[in-house]
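Side chains included, hydrogens not; waters and symmetry mates left out as well; all remaining heavy atoms used. A note on names: the letters A, B, ... follow the listed sequences, proteins ahead of strands, and every chain is numbered from 1. Note that the structure is predicted; figures quoted are calculated from it, not measured.
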Amino acid sequence: MARVYALIDGNSFYCSCERVFDAKLAKRPVLVLSNNDGCAIARTSEVKALGIKMGDPYFKIRSLCARERVAVFSSNYTLYGDMSRRLNRIYQGWAREIEVYSIDESFLYIAGLVDRDRVGYAKDLRSTVKRWTGIPTCVGIGPTKTLAKLANHTAKKNADLGGVCDFTDPKTRERHLAETAIDNVWGIGRASTAKLLTLDIRTVGDLLEADPKRIRMAMTVVGERIIHELKGVSCLPLDAVPAQRKGLAVTRSFSTAVTGEAKMLEALAAYATRAAEKLRHHGVAAVQGHVFMHSNKHNGDRPIYSSKPLALLEATADTHVLIDAAVHAGKRAWRQGYRYAKAGIVLTDLVSADRIQKSFFQTLDRDERARLMEAIDAVNARFGRGSLFSAAAGIKREWSTKFEMRSPRYTTRWNELPVANA
DNA sequence: TCTGGGGTCCTAGGACCC
DNA sequence: TCTGGGGTCCTAGGACCC
């Protein structure tokens, strides 16, 4: 049976989430900013039309936004993550299997499920999602994941397609793709685009006619795989079961530069706390990692990048062990006399928590510690993240990330529920 | 003067993604 | 004044081994 993949994603997803809970935003341009309100990361079509680009620093577009009455939001990942889960619950009922690819994109495997009217199926799916969650979406369909991605992109660019594009038929693909620029293809970024342009390959049509050996020279096996996928030969399987994660990081820019060691260690302790929570959430433990700290690369401050490994005796997901290791490494990495803009903890080698190698120097009662961590997680699940934490992570936290324009966490906090007046 | 031929494993860095 | 965060995969090159 031929394979059929559908890629569905939310249109300007973060902006759409904001619109769901505030009807007044429907007609206004909406912009969502990155952490620290640093730069633009989600834009509605009206915002794009104003010439605001992905990644534009907010301080450079602030006055334009004010003039054009753009509704500007800090990012509210709690809300977006919860909306994402709602979407995926719907998709489950519409596919044989699904792969959650990112916070706003999922691949649906629909071979054998929908054989005739694929476009009709996709339109029904879109309208169901819109009705149940308020989120507008687009759907791309194809015999490979790369073609489904490209079909989705085509649906977005051509309003007359009604949010759905089906690339199952080679003739339809040819018609749409002959003049599509190569940098719209999943996996072809800036560097590869530049290389391909020197080979006189500008469009997907050019790419399909090119000698695969030349593509391989320019782009290694990755490029070869893309060509196969574009021709309808599936090379990228559906990952219905998320792979065991290989690494994990908690890194943040500071709201104002950190110049004192105590503040830096406080921040690292807070990041270690969050990293340990993530480890336990994924059922893994860290064997290796490091902390780092660096100055701002843009503002002319004296440059520094400093990093030191964590000294972990054994695989751990214990908050206090990780805090100790992070603070210890942080002290060794610290250089006085710089203005630090960002720091983080990076865990690079993870193992499954039920297969932890015991250290010869084991000193803590592991079961007791595990119960303590469970208790802390339970308290924080009930009363909100950060209700119970180690004082090493700081109380005042002047350095912590800015979210000055964040909307309420409508769906996950009782005291932030939306209010309806009737 | 002339300096083998494989393997494996690890790491750093590049490229790409959302 | 003010420029995000968190992932994955691939390759090259060094260390090491027989």
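- Atom CG of A:N152 and atom C1' of B:dC18 are 13 Å apart (whole Å).
- If you measure from atom CE of A:M405 to atom P of C:dC2, you get 16 Å, rounded to the nearest angstrom.
- Looking only at atom types and distance, the side chain of A:D301 has no donor-acceptor partner in the side chain of A:S295 under 3.5 Å away.
- A:K149 comes within 4.0 angstrom of the backbone, heavy atoms only, and of no base.
- Taking atom CE on A:M54 and atom P on B:dC16, their separation rounds to 16 Å, with Å as the unit.
- Consecutive Watson-Crick or G-U pairing (both distances under 3.5 Å) extending over three or more pairs maps onto DNA chain C as B:5-18 with C:5-18.
- At a cut-off of 3.5 Å, with distance as the only test, no side-chain donor of A:S407 or A:D22 sits close to an acceptor on the other residue.
- Here A:V185 lies in heavy-atom contact (under 4.0 Å) with sugar-phosphate atoms only.
- Under the 4.5 Å side-chain criterion, counting only non-hydrogen atoms from C-beta, A:R131 is in contact with A:T128.
- Residues of residues 55-86 of chain A having a heavy atom closer than 4.0 Å to DNA chain C, listed by number: A:P57, A:F59, A:K60, A:R62.
- Surrounding NE2 of A:H328 are at most 12 heavy atoms belonging to other residues, nucleotides or ligands under 6.0 Å away.
- The distance between atom NZ of A:K402 and atom P of C:dC2, rounded to the nearest whole Å, is 9 Å.
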Show me the donor-acceptor pairs, under 3.5 Å and distance only, between side chains in residues 51-65 of chain A and residues at least two apart or in other chains.
{"from": "A:D56", "atom 1": "OD2", "to": "A:K53", "atom 2": "N", "distance (Å)": "2.8"}

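- If you take CD1 of A:I41 and C1' of C:dG5, they are 9 Å apart, rounded to a whole angstrom.
- A donor-acceptor contact under 3.5 angstrom links the side chains of A:T168 and A:D166, judged on distance only.
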Before giving the answer on ring-ring contact (aromatic ring centres under 6.0 Å, His included), spell out for A:W132 and A:Y91 the whole-Å C-alpha distance, their side-chain angles and the decisive distance to 0.1 Å.
CA-CA 12 Å; A:W132 291 5; A:Y91 303 157; over 10 Å; no
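- Rounding to whole angstrom units, CG of residue A:N184 and P of B:dC16 are separated by 14 Å.
- Dashed line: the shortest gap from a side-chain N or O of A:K342 to OP1 or OP2 of C:dG5 is under 4.0 Å.
- In the region residues 332-341 of chain A, proximity to DNA chain C at under 4.0 angstrom, judged on heavy atoms, holds for none of the residues.
- Distances shown here put every side-chain N or O of A:S192 at or beyond 4.0 Å from the OP1 or OP2 atom of B:dA15.
- Aromatic ring orientation, A:Y80 versus A:Y14: parallel (interplanar angle below 30°, classes split at 30° and 60°).
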Under 3.5 Å between N/O atoms: give me all the protein pairs with nucleotides 7-13 of chain C, atom names plus distance.
{"from": "C:dG7", "atom 1": "OP1", "to": "A:R245", "atom 2": "NH2", "distance (Å)": "2.5"}
{"from": "C:dG7", "atom 1": "OP2", "to": "A:A249", "atom 2": "N", "distance (Å)": "2.7"}
{"from": "C:dG7", "atom 1": "O5'", "to": "A:R245", "atom 2": "NH2", "distance (Å)": "2.5"}
{"from": "C:dT8", "atom 1": "OP1", "to": "A:K246", "atom 2": "N", "distance (Å)": "3.4"}
{"from": "C:dC9", "atom 1": "OP2", "to": "A:K246", "atom 2": "NZ", "distance (Å)": "3.0"}
{"from": "C:dC10", "atom 1": "OP1", "to": "A:R225", "atom 2": "NH1", "distance (Å)": "3.2"}
{"from": "C:dC10", "atom 1": "OP1", "to": "A:R225", "atom 2": "NH2", "distance (Å)": "3.3"}

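- A heavy-atom distance below 4.5 Å is found between the side chains of A:V185 and A:I226.
- Side-chain contact between A:L230 and A:T146 is present, with at least one heavy-atom pair separated by less than 4.5 Å.
- Taking a 4.0 Å limit (strictly below) on heavy-atom distances, residues 289-309 of chain A reaches DNA chain C at A:N296, A:H298, A:N299.
- Remark: C1' of B:dC16 and CZ of A:R190 are 11 Å apart, rounded to the nearest angstrom.
- In this structure, A:F167 has its ring center closer than 6.0 angstrom to the ring center of A:H176.
- Side-chain proximity of A:Y101 to the nucleotides B:dC18, B:dA15, C:dG4 is greatest for B:dC18.
- Separation of atoms CZ (A:R202) and OG1 (A:T193) is listed at 12.5 Å; rounding is to 0.5 Å.
- Spacing of C1' atoms, C:dC18 relative to B:dC2, comes out at 24 Å, to the nearest Å.
- Tested against A:I8, the residues A:I98, A:V139, A:I90 include a single side-chain contact (heavy atoms from CB on, under 4.5 Å) partner, A:V139.
- Between C:dG5 and A:S253, a contact under 4.0 Å exists linking OP1 or OP2 to a side-chain N or O.
- Closest to the side chain of A:D104, from the set C:dG5, B:dC18, B:dC16, is B:dC18.
- Ring to ring, A:Y5 and A:Y109 are close: their centroids are under 6.0 angstrom apart.
- Within 6.0 Å of CZ in A:R397 there are more than 12 heavy atoms belonging to other residues, nucleotides or ligands.
- A donor and an acceptor atom, one from each side chain of A:D82 and A:T411, are located under 3.5 Å apart.
- For the residue pair A:R280 and A:T319, a side-chain donor N or O sits within less than 3.5 Å of a side-chain acceptor on the partner.
- Two rings, from A:W94 and A:Y121, have their centers less than 6.0 Å apart.
- The same atom, P, is picked in B:dT3 and in C:dC17; the two are 24 Å apart, to the nearest Å.
- Residue-level contact check: A:L33 touches neither bases nor backbone, having no heavy atom under 4.0 Å from any strand.
- Distance CZ (A:F254) to P (C:dC2): 15 Å, rounded to an integer number of Å.
- Among the protein residues, A:T401 comes within range of no part of the nucleic acid, since none of its heavy atoms lies under 4.0 Å from any strand.
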